[in-house]
Amino acid sequence: MITGEFYVLPLKTNNYKHMKTLTLSEKLTRFIINWLFLMIVWFAFTTSLSAQELIAGAIATMFISLLTISLFTCCTFKLLSPRSLFYMSYFLVIFLRELIKSNFDVARRVLTPSLPINPGIVKFKTKLPTDFAKMVLANCITLTPGTLTIDVIDDTFYIHWIDVKTTNPEEAFIEIAETFEKILLKIFKP
Amino acid sequence: MSLYEIIGGLLSIIGASFLFLGGLGIYRMPDVYNRLQAGTKATTLGAMSLILGVGVVKMEDHWSWIVKAIIIIVFIAISNPISSHALSRAMYHRKKFPIIKSSDKNMDAYREVFEKQEREKEEKK
């Protein structure tokens, strides 16, 4: 189906309904951000400043960002403000710290002869507004100590926990996701 | 030996030892979900550290190696947790339920959602 100025992929889920209501300027901002991002990736792969490579990259990335404009729902110019850039770098530091911690946690559990695990599945609710933010939170939960995201339905996360301390949703939320959600709320809702 | 080679070699050794621990975890854990837990975390940091080590060693020849290594690291960090989530969800929908040691019924919060989805499927038939 062709809606307005841009071709929209005919996906059957409800996630892409909002694309029909987007104005031209919003579509343009998304297109420009996707194009810039893809150009940065292209430059990182080629690492040369010769005119040939740059022109070929610009044409290829322009076509890709035109075709996939309905699939990128994450990007607005708000994400490039200094405040969210600061919180993004803070988020990266916290994420790396948790990743290293979780690796030592796995090492401790694997190397202990008695295998100290108490597995189970818990659930909790999140306050994050967009699907993209929920995906980031789900990926971070998978890489933090002892937790694995099994499913996300609307606002509810279902988490496999290797050492269950509580089955109460609110306490589980404080234990697992509170630090990440605080920063993500500041990035995605400035 | 140059400084690049020493730093890169140390990073590679750290990465390889974490990959070994991940493999040991996959061998020792009792069911799919715990194996995925050990596998995902250890392989993410292990592969990241190993690839960064290779990038640092090769940086002596040309600086573009480290940029390419960082791009690969970012893609690994994005794709690894998504694949483990897809595997664990698929295993639950194949009715391989997780091992639960305690007798508390609330320990498997996903079961009610799964049973509701199964009922809806049967009603459609």
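Letters A, B, ... mirror the listed sequences (proteins, then strands); counts begin at 1. Scope of the values below: all heavy atoms of this structure, side chains included, with no hydrogens, waters or symmetry mates.
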Check this for me: does any side-chain nitrogen of one of A:R109 and A:D105 sit under 4.0 Å from a carboxylate oxygen of the other? yes
Is it the backbone or the side chain of [X] that comes under 4.5 Å from a heavy atom of chain B, or both, or neither?
X      : value
A:I153 : side chain
A:T144 : backbone
A:V122 : backbone
A:V106 : side chain
A:Y158 : side chain

Aromatic ring pairing B:F114/B:F97, orientation class (parallel under 30°, perpendicular over 60°, tilted between): perpendicular
Hey, what's the ring geometry for A:Y90 with A:Y87, parallel, tilted or perpendicular (30° and 60° as the breaks)? perpendicular
Do you know which two heavy atoms are closest between A:V164 and A:G120, and how far apart they sit? CG2-N, 3.6 Å
Which portion of [X] sits near chain A, non-hydrogen atoms under 4.5 angstrom:
X      : value
B:Y92  : side chain
B:M48  : side chain
B:I99  : backbone
B:V113 : side chain
B:Y33  : both
B:T44  : side chain

Residue, of [options], that accumulates the most heavy atom pairs under 4.5 Å with chain B:
options                        : result
A:A107, A:C140, A:G146, A:S102 : A:G146
A:T142, A:N103, A:L148         : A:N103
A:I117, A:T156, A:V136, A:V152 : A:I117

Spatial distance of atom [atom1] ([X]) from atom [atom2] ([Y]) [nearest 0.5 Å]:
X      : Y      : atom1 : atom2 : answer
B:N80  : A:L143 : CG    : CG    : 7.5 Å
A:T61  : A:F43  : OG1   : CZ    : 13.5 Å
B:E112 : A:K123 : CD    : NZ    : 4.5 Å

Counting heavy-atom pairs under 4.5 angstrom with chain A, the leader among B:H62, B:M29, B:Q37, B:M91 is B:Q37
Any side-chain heavy atom of A:I162 within less than 4.5 Å of one from A:T147? no
So which of A:L184, A:D155, A:N139 actually passes side-chain contact (heavy atoms from CB on, under 4.5 Å) with A:K134? A:D155
Has the side chain of B:H85 got a donor or acceptor atom that lies under 3.5 Å from a matching backbone atom of A:I150? yes
